Amino acid sequence: MSLNGKRVVIIGGTSGIGLATAHAAVDAGAEVVIASSRQASVDAALGELSAGTTGRTLDVLDPADVQAFFAQVGPFDHLAYTAGEPLGLLPVDGLDIDRARAFFQVRFFGALNSVSAAAQYIRPGGSITLTSGSARTRPGAGWAVASSLCGATTSLAGALAVELAPVRVNVVEPGIVRSPLWSGMSAEDQQAMYQQQADALPAGRVGEVDDVAHAFVYSMTQSFMTGTSIPVDGGALLV
């Protein structure tokens with residue numbers, strides 16, 4: 001899969017899946033631009049990515065900031081949206097509705113805001129890839145909000161694929177992945193969750209960020225795929 005001569009913008013590209021996608025895109029030959037909400041994260045990511053990669057801070061919920069960001073970037077080929085806060089469960093019993101609403105802010109409305117501003121700058125043959133999750137189809141107890149968010153994002157990708165055609169729009173749906181998104185849990189709880197999932201999955205392990213990064217690069221390079229969800233879940237749909 002080659003991205004030689006292509007410009008790739010990765011929002012949320014400073015840690016976890018986003019940073020792994022930045023590495024994978026660079027390895028495929030792309031010129032990469034990363035964005036994150038914190039300057040320290042941008043600086044740290046640029047310190048480990050190859051020369052030629054650029055980045056800046058971005059508030060995905062501020063339309064003016066997002067418009068200014070893409071105006072500065074200028075024409076490019078592929079957008080990957082991987083931004084999101086640490087994950088957590090929100091049981092319906094005693095639900096904090098304000099926290100539930102907040103869960104959608106960066107992951108859904110930030111993505112929509114970014115796509116709205118980016119679309120005019122995407123070159124012919126370009127693409128957008130959003131991030132959903134296997135909780136859309138395999139939710140557990142406490143996942144009502146997260147599953148709804150994943151479903152909304154996957155539906156958004158399909159609608160955008162129609163509205164923005166011929167720009168291609170797809171969505172990657174990771175399963176449980178070992179990443180900083182679980183930093184809200186204790187190390188012990190994380191390890192227990194990873195082991196429980198690994199024992200249940202046909203793949204015999206949980207995902208790594210590099211597994212998911214390959215799916216993002218595939219979405220960018222597969223020129224006859226749009227409106228499609230790409231599960232990277234170790235076979236979670238089978239069990």
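Please read these numbers as outputs of a predicted model, since none were measured by experiment.
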In Å, rounded to the nearest 0.5 Å, how long is the span from [atom1] of [X] to [atom2] of [Y]?
X	Y	atom1	atom2	value
L49	T54	CG	OG1	10.5 Å
Q222	N170	CD	CG	9.0 Å
I17	F216	CD1	CZ	6.5 Å

Identify which one of D211, D233, D199 satisfies the salt bridge (Lys or Arg N to Asp or Glu O under 4.0 Å) criterion when paired with R205.
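One option only clears the test, and that one is D211.
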
If we ignore hydrogens and angles and just use 3.5 Å, is the side chain of [X] paired with the main-chain N or O of [Y] as donor and acceptor?
X	Y	result
S147	A135	yes
S219	A215	no
S116	L112	no
S127	V169	no
D77	G126	no

Is a donor from one side chain sitting under 3.5 angstrom from an acceptor on the other, for S229 and T154?
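Side chains of S229 and T154: no pair found under 3.5 Å.
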
[X], [Y]: one ILVMFWY side-chain cluster at the under-4.5 Å cut-off?
X	Y	value
W143	L237	no
Y194	L201	no
F104	I97	yes

D65 with R56: basic N within carboxylate O range, under 4.0 Å
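Yes, charged N to carboxylate O under 4.0 Å.
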
With a 4.5 Å heavy-atom cut-off, do D96 and L90 have their side chains touching?
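When only atoms from C-beta onward are counted, L90 and D96 do not touch, as no gap falls below 4.5 Å.
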
